[in-house]
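Comments concern the structure below.
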Amino acid sequence: VIIFVVAIALALCINNFLIINANVPSGSMENTIMTGSRMIGLRTAYWFKEPQRGEIIIFKYPDDESENFVKRVIGLPGEKVTIKDSKIYIAGHHGLVGSAIWNNLEKRGYHNLVGRSHKELDLTDQYAVEKFFDEEKPDAVVLAAAFVGGIMANSLYRADFIMQNMKMQCNVISNAYSHGVKKLLFLGSTCIYPKNAPQPMKEDVLLTSPLEYTNEEYAIAKIAGLKMCESYNLQYGTNYIAVMPTNLYGPNDNFHLENSHVMPAMMRKIYLAKLIHEGDWHSIEVDMNKRPINPTDKLRELIGEGNVDGHNDHERILKALEFYGIYNNKVVLWGTGTPLREFLWSEDMADASVHVLLNVDFKDIIGIEKYSSVFYGAKVDGAVDRNNSEGRGGAIPSLGEIRNCHINVGTGKELTIRELSELIVKTVGFEGTVEFDASKPDGTPRKLIDVSKLHSLGWTHQVEIEDGVEKLYEWYQNSLKD
């Protein structure tokens, strides 16, 4: 009798349910557990201990007790569980920011990441982008791809900068919506702000006065992108967020002389001027082979047709480098050196982006829970036609003007271009001279952003500019060994 009673008691204990508070945020466990469900696992071997992460449990789906399911424990009793198999598409995953975002997500345990190179997927091709979304069906999208360049490229190729960026943004954002993407993060630039905006620039100064002329087209494209995110949210109830980073630098930066941004361009010019003075032609050839010069029309008039690489004769290489202000122990930079700039390490930018992607929703930014008529039952299955007003969602005019919902991402610290050059000179060990050509444009005189909104959302930068310049130079040198 005693044995029988003990056996019954053990059986009852074994069959007790173990509740694991699993707030499932995606459809990744479709057909077993749905979004928002709780996992109820059978307690089979936990008489003396609680289940541990990584262990296998058997559980029943609460709405259908007839079936058992087997899953690995990814959380402990009472914890909220984040499912880390949501598919995240990172557009521009080989670029400066995109590659850093990819690495940051992987370090956080997100491994279901999707990326395509430009050769594999041309984001300006509407039909190719639609086909990609049809096949991959991502849960979230990070739009870090862009057609970018420095002040010279922006000045020369104005139509390309507005058209290429607009095409990419329209294709990705529209397909994200039509394919039910739950979260989208759009990366812009602080060049969206007026040339003479009050400093530091808050998000609210957007569109209050004229833009800097030299990068006006790129800025307009990025403004259109953030407005697309706002507008989709208000009309269709989506959760698309735009972040506006300051000047970025870091691993996988663009060091090509024709179209790089200020810091990598300056660093390479100073490095090459040092090598010319030292007569280190082997290192010059390695550098030129790694990043050949694709001459502009004006440069071709001076040196003839064909790219400039390390296999060219020394005279042709020197002429090409002089075109970009690189001489024997001397570098000539555009402008006066007085403009103030803010710089953010790209891996810090990636961390901020992932923080926003995982922890911040549009409602958190605007402080309104239900910001679209979709939350009150409006349908979104109607045709987009000016003669049709059914099934098109709709903003809520009574909420007033909802704008400037983007987030500045930066350090809130600045230095002059001349001070930056001095920092790079010290890092490279350059003993020559750096001159400034005041006949060339400076660009925006000052561009410091207010990052109080970002700080209020729980993120601050880690890498200071002095450490960052050293880290970038180390990466640049290592890239020449590949």
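Treat the numbers as computed from the prediction; the structure is a model and nothing was measured.
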Main-chain N/O of [Y] paired with [X] side-chain donor or acceptor, under 3.5 Å:
X    : Y    : answer
N312 : I317 : no
K453 : K202 : no
E435 : K330 : no
S372 : Q235 : yes
D125 : L121 : no
D364 : D361 : yes
D348 : Q462 : yes

For a side chain to side chain donor-acceptor pair (under 3.5 Å) with E414, tell me which candidate from Q199, R446, R341 qualifies.
->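 Of the listed options, the one satisfying the test is R446.
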Is there side-chain contact between [X] and [Y], with at least one heavy-atom pair below 4.5 Å?
X    : Y    : value
Y327 : I276 : no
N171 : L123 : no
I303 : P295 : yes
M263 : L472 : yes
F255 : P264 : yes
Q477 : Y473 : yes
E203 : Y193 : yes
S174 : Y232 : yes

Minimum heavy-atom distance between [X] and [Y], given as atom pair plus value:
X    : Y    : answer
T208 : V205 : OG1-O, 2.6 Å
C191 : L211 : O-CD2, 4.1 Å
V308 : M288 : O-CE, 3.6 Å

Under the salt bridge (charged side-chain N to carboxylate O under 4.0 Å, His left out) rule, collect the residues that match up with [X], sequence neighbours excluded.
X    : result
R392 : none
E347 : none
E285 : none
E369 : none

What ring-ring contact (aromatic ring centres under 6.0 Å, His included) pairs are there with at least one residue in [range], not counting sequence neighbours?
range            : value
residues 330-354 : Y249-W345
residues 137-167 : F147-F161
residues 284-322 : W281-H314

Write out all pairs satisfying salt bridge (Lys or Arg N to Asp or Glu O under 4.0 Å) with one or both partners inside residues 243-270, taking only residues at least two apart or from two chains.
->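 Listed once each, the pairs are R268-D287.
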Verify salt bridge (charged side-chain N to carboxylate O under 4.0 Å, His left out) between K274 and D280, making sure each step is shown before the conclusion.
-> CA-CA 9 Å; K274 178 174 181 283; D280 188 351; over 6 Å; no
Could you pull out all residues at least two apart from [X] that satisfy side-chain hydrogen bond (donor to acceptor under 3.5 Å, both in side chains)?
X    : value
H461 : E464
Y240 : none
H118 : none

So how far is it from [X] [atom1] to [Y] [atom2], rounded to the nearest 0.5 Å?
X    : Y    : atom1 : atom2 : answer
I402 : I365 : CD1   : CD1   : 12.0 Å
K182 : S86  : NZ    : OG    : 7.0 Å
L234 : L399 : CG    : CG    : 8.5 Å
I90  : L113 : CD1   : CG    : 5.0 Å

So, [X] and [Y], do they make that salt bridge, N to O below 4.0 Å?
X    : Y    : answer
K319 : D313 : no
E422 : R418 : no
E230 : K227 : yes
K447 : E212 : no

Can you tell which of F133, Y89, F132 makes a ring pair (Phe, Tyr, Trp, His ring centres under 6.0 Å) with H179?
->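 The ring pair (Phe, Tyr, Trp, His ring centres under 6.0 Å) with H179 is passed solely by F133 among F133, Y89, F132.
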For Y271, check ring pair (Phe, Tyr, Trp, His ring centres under 6.0 Å) against everything at least two apart and list the hits.
->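 Residues passing ring pair (Phe, Tyr, Trp, His ring centres under 6.0 Å) with Y271: Y476.
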